[in-house]
Chemist: 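Here it is, the structure, as structure tokens.
The chains referred to below are lettered A, B, ... by the order of the sequence lines, with proteins before strands, and numbering in each begins at 1. None of the values given here were measured: they were computed from a predicted structure.
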4 protein chains.
Amino acid sequence: MDSNRSRPNRQRSALEPQRSRGKLRVASLMEAAAAVIAERGFESATMAEIAARAGSQIGSLYRFFPNKEVLADALIQRYGELINEAFGKIEGRATVLSVYELADSLVDFLVELHGESRAIIALMEARSEWSIKRAAFRNAALHRIAQILMRCSPLLRPETAEAIAVIVLHNMKTMKALTLEQGIATSPGATTELREMNRLYLASKLSEKRP
Amino acid sequence: MDSNRSRPNRQRSALEPQRSRGKLRVASLMEAAAAVIAERGFESATMAEIAARAGSQIGSLYRFFPNKEVLADALIQRYGELINEAFGKIEGRATVLSVYELADSLVDFLVELHGESRAIIALMEARSEWSIKRAAFRNAALHRIAQILMRCSPLLRPETAEAIAVIVLHNMKTMKALTLEQGIATSPGATTELREMNRLYLASKLSEKRP
Amino acid sequence: MDSNRSRPNRQRSALEPQRSRGKLRVASLMEAAAAVIAERGFESATMAEIAARAGSQIGSLYRFFPNKEVLADALIQRYGELINEAFGKIEGRATVLSVYELADSLVDFLVELHGESRAIIALMEARSEWSIKRAAFRNAALHRIAQILMRCSPLLRPETAEAIAVIVLHNMKTMKALTLEQGIATSPGATTELREMNRLYLASKLSEKRP
Amino acid sequence: MDSNRSRPNRQRSALEPQRSRGKLRVASLMEAAAAVIAERGFESATMAEIAARAGSQIGSLYRFFPNKEVLADALIQRYGELINEAFGKIEGRATVLSVYELADSLVDFLVELHGESRAIIALMEARSEWSIKRAAFRNAALHRIAQILMRCSPLLRPETAEAIAVIVLHNMKTMKALTLEQGIATSPGATTELREMNRLYLASKLSEKRP
DNA sequence: GATGAATGAGTGTTCATTCAT
DNA sequence: AATGAATGAACACTCATTCAT
């Protein structure tokens, strides 16, 4: 069954707190949410644990985030902003980077974004029917990647760029997953291999179209 | 009634049905489980829904699978057997296939395996601490892939083969995911791109070492 | 939804209610628990019936007592406090009472303690492996009794006092049981007989050692 | 709730098996039942475990004992016969035993009856509303004890004898309980003390009335 | 606005009992 | 007669969400 166990409040947006007290609280709430979701996954994360880890009470949590879904959306949105910035930096340097450097920047992108990235992956893995925002997030990321690719290699057709972006995004996630489970099970050379594959691939797609 | 109510039955394996009636039921139960888990993910899949979808009663489900974990393990094991067979076929032809053909056989591997594959992916995505069997499954797949690679390119060092296998397995999963969400969101060229990346990568890793 | 569903909350102590509303509820919950357990025994008592009898919802019960075991422990602990007080009174008068009076005070001890005593006996009869608190309760009672005996008869060796205490405690429980089933089956003279046996026994153990 | 979970078969008596095969099976079933009930208590003992421990199938168990209650009754009845015999022996020697010897014979009675005695105690401790047979068993034991006492001390009034019997029966159970938990928690001198109390008591009740 | 108590449907699991083969 | 599969109500426990203070 899905998570809307009972009497869900369908009001869609997180309350904007007016005072800095409230802003602090919201920040610690979101941090806690990210941590708990990263540890347990979206479904297993409980609102009670999130509140407790933030040193708040369940009532406070619900004051700012009227339900779990909204909380997830807020997390995604915040992360989206971070990601946008980070993509912006890469995009700015797209023309001065070698193809290999660009490939590496992309594949290490999620890894270098510390903080809540694990939570976001957990969120994106959760059943995607749940939130349109999740799909939007994915599409935004895809677009940014495509744009970077096209800036690097202007002759690329947009549809091709999108298709490549899908692959690159997958590689990014794989790299993140690999570094998360590092030392546990995976052979240590895997990240090197992934980086190599990604370089090879992007080189073949971008170099030829480069001016 | 008694306090054992709360200790789940830790008996570790699924009951082998003794009668044809039971065998049929077990089959339909596993099919239903695969369907429900594929739809909702492991955690959201409820035992009640699985039983209902199999046209059984909850008690019947628990007769054969003493808990949800065992049910998941059984699914994984059965799928593991299918996969083993299929890997066997590829391995047999490893020396006669071109590198590109081999690369394509591998990326398309999961896609061509119909049946419960989606459920199995959902299962593997579920927190992996949960079951040793899950890790074992992954390792087995990794080994098979590494062996195929080494058969194709005998000079490959085993550790390198394992590292490549990790990447190839990820590509296989990505391909499966791509075909599952086909038409929903992803640009249609993505599968072509993935196939291309995989070819490029394996060609670079295998060709040079080929006798 | 998540697999944690089946692992019971192992948090070991009852929540202390913070508001007067909660305190009232906890009191009525414990009262109801005592009643239901007294009627049906620990295992047959259901959390649902306890909640219902307290006019609460199952969720409220679990808010304060995270599992059945903790509820039982809380009952035992509360009763333990009552018992401690009562033992204190007897101990204070141990030196001024005649042996017969002391003997009678002890056998009638549990009988005179009304309230949840029946539930507590049911609890103590439940498999004792279940809770260390249960064993601790028993040992505490034994110690108190032994101390009373030694105060009354200072030359008694501690080990002997402990051994006598075991017997006296059994007599106390027997008396309680006898009065509970009074009129149902037992011959009415039994309580008189028990009192007599207990007097005889304690007189023989204590008198000779009296200063 | 009580144990009649669903569609109980109210037919009251255990089927008498005609062939020795059947008798053997019934015997092993009862033995298994006694063992499991002794270990877990009546409520926690499951019909499935009983069948399994007897090397039978649940269906076989239900063939001979149409429900759990009947099984318990059969156990009690069989034990009643054993007890009757044993009481008979004591009764036969009542006039030649010293009072102390008689007291010891009685208090050690249950202890010396090995086998299922623990199961029977578990059964008798189970809520007594459940079976009239259980009350009957208790009354029979009480009667036998009273008779022994009266044979030993013929001037005893029957009502007094019954009242004493109640006490003696409790002592018997206490002794059994003490030996069962021996070494676990109880001070080792307790059994000696119990024996002494019982002697003292019976000596005072019987000696004076002896011819 | 913060707190924490209340709600109750839902979840995994058990087990006495029945019944078809 | 024996086997083992089927039934389903009951149980302990969880958690998103609401609400009174």
Side-chain angles (χ1 to χ4, degrees), chain A residues 1 3-9 17 19 21-22 25 44-49 51 56-63 66-69, chain B residues 1-9 15 17-22 25-26 43-44 46-49 51 56-64 66-69, chain C residues 1-9 15 17-22 25-26 43-44 46-49 51 56-64 66-69, chain D residues 1 3-9 17 19 21-22 25 44-49 51 56-63 66-69:
Chain A
M1 252 36 6
S3 71
N4 305 328
R5 207 75 73 84
S6 53
R7 287 157 292 160
N9 179 342
R19 321 246 207 98
R21 262 284 280 301
R25 176 133 297 182
S44 295
T46 72
M47 295 298 268
E49 184 175 358
S56 291
Q57 229 60 37
I58 187 86
S60 288
L61 178 50
Y62 272 89
R63 166 154 301 280
N67 60 52
K68 209 177 170 184
E69 204 67 2
Chain B
M1 186 147 291
D2 58 1
S3 74
N4 302 14
R5 192 73 49 145
S6 58
R7 26 167 154 123
N9 185 345
L15 207 67
Q18 316 283 29
R19 302 189 186 175
S20 66
R21 183 93 163 288
R25 179 126 300 180
V26 164
E43 319 220 340
S44 296
T46 76
M47 296 297 268
E49 184 176 0
S56 292
Q57 222 60 36
I58 189 72
S60 293
L61 176 51
Y62 274 90
R63 168 162 186 83
F64 296 109
N67 57 55
K68 206 178 171 184
E69 197 71 359
Chain C
M1 182 147 291
D2 59 2
S3 75
N4 302 14
R5 194 70 53 138
S6 58
R7 30 167 149 124
N9 182 345
L15 207 67
Q18 317 281 29
R19 301 189 185 176
S20 66
R21 185 93 162 286
R25 180 126 299 181
V26 165
E43 319 221 340
S44 296
T46 75
M47 295 298 268
E49 184 177 359
S56 292
Q57 223 61 36
I58 188 73
S60 292
L61 177 50
Y62 274 91
R63 167 159 186 85
F64 297 107
N67 59 54
K68 208 179 170 183
E69 198 71 359
Chain D
M1 239 80 320
S3 71
N4 306 327
R5 207 78 71 85
S6 54
R7 288 157 290 163
N9 177 340
R19 319 246 208 99
R21 264 283 279 303
R25 176 132 300 183
S44 295
T46 73
M47 296 298 269
E49 185 176 358
S56 291
Q57 228 62 36
I58 188 90
S60 289
L61 178 51
Y62 272 88
R63 166 155 300 282
N67 60 51
K68 210 179 170 184
E69 203 69 0

Chemist: Distance check needed: dC11(F) P versus M47(C) CE, whole Å only.
Modeler: 13 Å
Chemist: Can you work out whether G59(D) or A48(A) has the more 5'-proximal nearest nucleotide on DNA chain F?
Modeler: G59(D)
Chemist: Ignoring backbone atoms, test whether R63(A) places a side-chain nitrogen or oxygen under 4.0 Å from the OP1 or OP2 oxygen of dG4(E).
Modeler: no
Chemist: Starting at CD of E69(A) and ending at C1' of dT17(F), how long is that distance when rounded to a whole Å?
Modeler: 14 Å
Chemist: So, taking the atom named OG in S60(B) and the one named CZ in R63(B), what distance separates them when rounded to the nearest 0.5 Å?
Modeler: 9.0 Å
Chemist: Is the phosphate of dG8(E), meaning OP1 or OP2, less than 4.0 Å from a side-chain N or O of Q57(C)?
Modeler: yes
Chemist: Using a 3.5 Å distance criterion without hydrogens, assess whether the side chain of K68(B) forms a donor-acceptor pair with backbone atoms of T46(B).
Modeler: no
Chemist: Closest nucleotide of DNA chain F for I58(C) versus for S56(D): which of these residues is on the 5' side?
Modeler: S56(D)
Chemist: If every non-hydrogen atom of Y62(D) is compared with every non-hydrogen atom of N67(D), which pair is closest and at what distance?
Modeler: CE2-CA, 4.0 Å
Chemist: Report the distance from atom NZ of K68(B) to atom P of dT13(E), rounded to the nearest whole Å.
Modeler: 8 Å
Chemist: Does Y62(B) make a side-chain N or O approach to OP1 or OP2 of dT14(E) shorter than 4.0 Å?
Modeler: no
Chemist: Pairs counted as Watson-Crick or G-U wobble with both distances under 3.5 Å: what dot-bracket string results for DNA chain E, using | for bases tied to another strand?
Modeler: .||||||||||||||||||||
Chemist: Could you state the atom-to-atom distance from CD of E49(A) to P of dC15(F) in whole Å?
Modeler: 9 Å
Chemist: Only counting residues at least two apart or in another chain, list the ones meeting side-chain hydrogen bond (donor to acceptor under 3.5 Å, both in side chains) with R25(C).
Modeler: S56(C)
Chemist: Nearest-Å distance, CG (L15(B)) to C1' (dA5(F))?
Modeler: 10 Å
Chemist: If you measure from CD on E49(B) to CG on L61(B), what distance do you get to the nearest 0.5 Å?
Modeler: 12.0 Å
Chemist: How long is the line joining CZ of F64(B) and P of dG4(F), in whole Å?
Modeler: 11 Å
Chemist: For L61(C) and S60(A), find the nucleotide of DNA chain E closest to each by heavy atoms; which residue's nucleotide sits nearer the 5' end?
Modeler: S60(A)
